[in-house]
Amino acid sequence: VVSVTTNIISAANMMAEGGVGIAAAVNQYGIDKSRVTSKELEAILARLQEATEVEQEFLKTIMKKFEDMLAKVGELVKANNETQAAILGGGDLSAPAGVA
């Protein structure tokens, strides 16, 4: 009877140890998977940051072109105003300032 009881207790102990081992393995798997997911997220964030920097450079280029175009329009408006003033005032109609 003692031998059977000892065997049952020993078997139960082995089952408990096996259960703890499985739980530890599952837990470790979850930790490892979280690390991979974290690294994947870091890679995605790095790609997003790079794309954002490229977009910022593109927008800077567009803004520069827009500013240049706006300056040219300003020059044309100024030349037009000078021409109109010369016509209405009877002044010199030779090339207005800034226009060759």
**Q** Using the side chain to side chain contact (heavy atoms under 4.5 Å, CB included) criterion, which residues pair with Ile44? Sequence neighbours excluded.
**A** Arg47, Leu48
**Q** Would you list the pairs meeting salt bridge (charged side-chain N to carboxylate O under 4.0 Å, His left out) in which at least one residue belongs to residues 52-64, sequence neighbours left out?
**A** Glu57-Lys60, Lys64-Asp68
**Q** Give the other cluster members for Val77, using side-chain heavy-atom distances under 4.5 Å between Ile, Leu, Val, Met, Phe, Trp and Tyr residues; answer none if it is isolated.
**A** Val73
**Q** Which ILVMFWY residues are connected to Ile22, directly or by a chain of links, through side-chain heavy atoms under 4.5 Å apart?
**A** Val26
**Q** Identify, with sequence neighbours excluded, every residue that meets side-chain hydrogen bond (donor to acceptor under 3.5 Å, both in side chains) alongside Gln28.
**A** Asp32
**Q** Can you tell me how far CG of Leu45 sits from CD of Gln49, rounded to the nearest 0.5 angstrom?
**A** 8.5 Å
**Q** What's the spacing between Met63 CE and Gln56 CD if we round to 0.5 Å?
**A** 13.0 Å
**Q** Residues sharing Met69's hydrophobic cluster, by side-chain heavy-atom contacts under 4.5 Å among ILVMFWY, directly or via others?
**A** Phe66, Leu70
